[in-house]
Participant: 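Before I ask anything, here is the structure I am working with.
Note that the coordinates shown come from a computational prediction; the quantities given were computed from them, not determined experimentally. Residue numbers start from 1 in every chain, and the chains themselves are labelled A, B, ... in the order their sequence lines are given, proteins ahead of strands.
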Protein chains: 2
Amino acid sequence: MNAAPTVYDVAERSGVSIATVSRVYRSPDSVRAATRERVLAAARELGYVPSGNARGLASRSTGVLGLCFPDYSDPDTVGAEDDDAAMLYSDQIIRGMERAARRHGYALLIAASLEGGPENLVAKVAGRVDGFAVLARTVPTEELEVISRRRPVVMLAGPRAQDPSLDHLDHVEVANEDGQYQLTRHLLDDHGLRRLAYVGLADDSPDVEARFRGFRRACREAGVETGDEPALRMPMMTQAEGAHAADLLCGGAGERPEAFVFANDQMAVGALQALERRGLRVPDDIVVTGFDGIPLSRLVRPALTTVRQPMVRLGEKAVELLVRRLTGEREAEPVSLMLPVGVARRASCGCADEETTTGFTDL
Amino acid sequence: MNAAPTVYDVAERSGVSIATVSRVYRSPDSVRAATRERVLAAARELGYVPSGNARGLASRSTGVLGLCFPDYSDPDTVGAEDDDAAMLYSDQIIRGMERAARRHGYALLIAASLEGGPENLVAKVAGRVDGFAVLARTVPTEELEVISRRRPVVMLAGPRAQDPSLDHLDHVEVANEDGQYQLTRHLLDDHGLRRLAYVGLADDSPDVEARFRGFRRACREAGVETGDEPALRMPMMTQAEGAHAADLLCGGAGERPEAFVFANDQMAVGALQALERRGLRVPDDIVVTGFDGIPLSRLVRPALTTVRQPMVRLGEKAVELLVRRLTGEREAEPVSLMLPVGVARRASCGCADEETTTGFTDL
DNA sequence: ATGAAAGCGCTAACAG
DNA sequence: CTGTTAGCGCTTTCAT
């Protein structure tokens, strides 16, 4: 790979000016066909690849959108049983964003956040894109504040504005609270259950907390007693922990709950396995529900009743908001979308497959 | 977003030269702590975000690796039952590449290929990265040839060099032939099956053809008769088609096969459902196997015997090869890796869970 | 440890 | 339709 050819080389070789070479790539129609072919031929012979950097510098835009998400990966989780499921979340957002970005002519730059410092990946991403999306709590607030002064940023998931310095950002989330509420009402009203055990997350997560609020509200409205805290909080919400949680809740003193309401599907799937080992039948002996609607949830036996998050659409919406800021409406009022979720009533709560949509939207 | 501040603004505001501002970001230690803080403070106040473009242009490198993959998405497949599974393939490569790229300090730029023309996404990607991976048959050969003269390119999957003009590219594939061979031998030798029906793909795909070759070789060596062609070739290898294939093979004249050997997991899963509907028991009445090792394969009932492709590792390897070219060994001999696959012997062939690894590697 | 100056390769007016 | 001419914002010697 010796010195890469530039517009000058191509221009010289095809006997035109650099401006014409540039035109051939930017607006082919503005160049006479014969000339264009000469240029293209020269480019091919030379192995010319236009420099995105030079282009971006001169045109002040990159044609790239970005996504920053947290680094989920356990350092050496190689076998990766849970791993597959664990990353589905960001995988789906990536898929949605890539698809939507492509429709709008953008490519997608992705990076999981690393540690801080002035030279971290987030800063790098920010400098190379026209706008980007951030999964909540991935990037330090202060840094995001600085960046968002220069580039459109949309916040994904999490609460509207954890920090007032960020309230000018567009924002997309899913109806966590409402979804969990609806699911819980279903258990309460349609199945007549009363003793529900909620299994949440140890760390503070806005999404998971919203789900728990939905659970509590449903219980309260149905006159069912609930503590201020989930029955259990697990550290990572993995499948293994779900199994563990099921064991704890079954083995504990007092009456066994009638239903385990898990804050995500992975735990619920783990619980299903643990209960099977114990010889307990779902849903006859005990009802189990999840949250997320990962593909696996439909495939386990019994199929898992859960709340389906439209993660792919989340990604698509993010791109739409970015594109909107990038084209014209740069100064529009910040938008906050809440994507509706679907309650999938499946076998693990004793239903045949049914699904209803819930939640509300702006825009 | 008025005029974005540049090094000049930051320099002026902090009373240093632009060179110092640059140093603060590139090599913080080469600047006195007090100076550095002044610069960083000014940057923060101004909302300074270094331009990746200007940086890349000046330093001749982007710190970004790329991936181009085919556009799988059916335009309006919204419900997306199969969609989830269909994209798992590229999703996993993305995951593997992102992870490995991050370890090496790179971000990842992804784009599904669009149509041609001098200004397509592939060209765009090529111009914005230090090197990139291409899923076989995503990019026109000629275009790839031109680009690969200027940037390291690694070819993923597919055969070594479909085109001799591309034989200087690094290449990573999985042991398709050997994996299918081992799986088939298992059916033949350990389960004593004799009448196997192979279900492949209508379109010509190097990977799928390699699998079929493995199947044939196994049969031949075991003295089992096989035609030159699969029993069936389906157009898309979706779940629905798998179900359809099962129906065809059951309903057909002549003896029903003892085993359905599918070229991928999705079809096998579909077949499982179709067979259940027909009241046929797997593996007692009929054995079913897949290929890929998607997460679903472990979760269906009965769990699917299959060949596990290490897609995440494929992505990781791709990054390793790129990084190698990018650091020193630019002129090294082209490498061709074949990643070993694992035969997962599960319930759908009558085994308890077992797994063996097969295939060979270079490097 | 810091500054000065020369590009990096391209786009974008503006002429012609 | 095509050429000329300025930068775009940063890194990078080379001095100091």
Participant: Identify the heavy atoms of B:Asp9 and B:Pro5 that sit nearest to each other, and give their distance.
Facilitator: OD2-CA, 3.1 Å

Participant: Just how far, in rounded Å, is P of D:dC10 from CG of B:Leu57?
Facilitator: 12 Å

Participant: Nearest-nucleotide wise, let me know which of B:Ser59 and A:Ala54 is further upstream toward the 5' end of DNA chain D.
Facilitator: A:Ala54

Participant: Check whether any side-chain nitrogen or oxygen of A:Tyr25 sits under 4.0 Å from OP1 or OP2 of C:dA12, and answer yes or no.
Facilitator: no

Participant: Is B:Ser22 touching bases, backbone alone, or none of the nucleic acid, heavy atoms closer than 4.0 Å?
Facilitator: base

Participant: If you draw a 6.0 Å radius around CD in A:Glu12, do more than 12 non-hydrogen atoms from other residues or ligands fall strictly inside?
Facilitator: no

Participant: Output the rounded distance in Å from CZ (B:Arg128) to P (C:dC10).
Facilitator: 12 Å

Participant: Near B:Glu142 CD, under 6.0 Å, is it more than 12 heavy atoms from other residues, nucleotides or ligands?
Facilitator: no

Participant: Over how many whole Å does the gap from B:Asn53 atom CG to C:dG7 atom P extend?
Facilitator: 22 Å

Participant: Whole angstroms only, please: what is the CG-C1' distance between B:Asp9 and D:dC10?
Facilitator: 13 Å

Participant: With the threshold set at 4.0 Å, does a side-chain nitrogen-carboxylate oxygen contact exist between A:Arg324 and A:Glu320?
Facilitator: no

Participant: When you measure from the side chain of B:His168 to the backbone N and O of B:Arg149, does any donor-acceptor pair fall under 3.5 Å?
Facilitator: no

Participant: Distances under 3.5 Å only, N/O to N/O: pair up the protein atoms with those of nucleotides 1-5 of chain D.
Facilitator:
| from | atom 1 | to | atom 2 | distance (Å) |
| --- | --- | --- | --- | --- |
| D:dT2 | OP1 | A:Arg32 | NH2 | 3.3 |
| D:dT2 | OP1 | A:Thr35 | OG1 | 2.6 |
| D:dT2 | OP2 | A:Arg32 | N | 2.9 |
| D:dG3 | OP2 | A:Ser17 | N | 2.8 |
| D:dG3 | OP2 | A:Ser17 | OG | 3.1 |
| D:dG3 | OP2 | A:Thr20 | OG1 | 2.6 |
| D:dG3 | N7 | A:Arg23 | NH1 | 3.4 |
| D:dG3 | N7 | A:Arg23 | NH2 | 3.4 |
| D:dG3 | O6 | A:Arg23 | NH2 | 2.4 |

Participant: For A:Tyr48, what residues pass the ring pair (Phe, Tyr, Trp, His ring centres under 6.0 Å) criterion, not counting sequence neighbours?
Facilitator: A:Tyr25

Participant: Select one nucleotide: of D:dT11, D:dG9, C:dC10, the one nearest the side-chain heavy atoms of B:Thr6.
Facilitator: D:dG9

Participant: Are the charged groups of B:Asp130 and B:Arg151 less than 4.0 angstrom apart, N to O?
Facilitator: no

Participant: Within this structure, what is the CZ-to-P distance between B:Arg26 and D:dG9, rounded to whole angstrom?
Facilitator: 18 Å

Participant: Could you state the atom-to-atom distance from CD of B:Glu37 to P of C:dT2 in whole Å?
Facilitator: 12 Å

Participant: In this structure, how many angstroms lie between the C1' atom of D:dC10 and the CZ atom of A:Arg55, rounded?
Facilitator: 20 Å

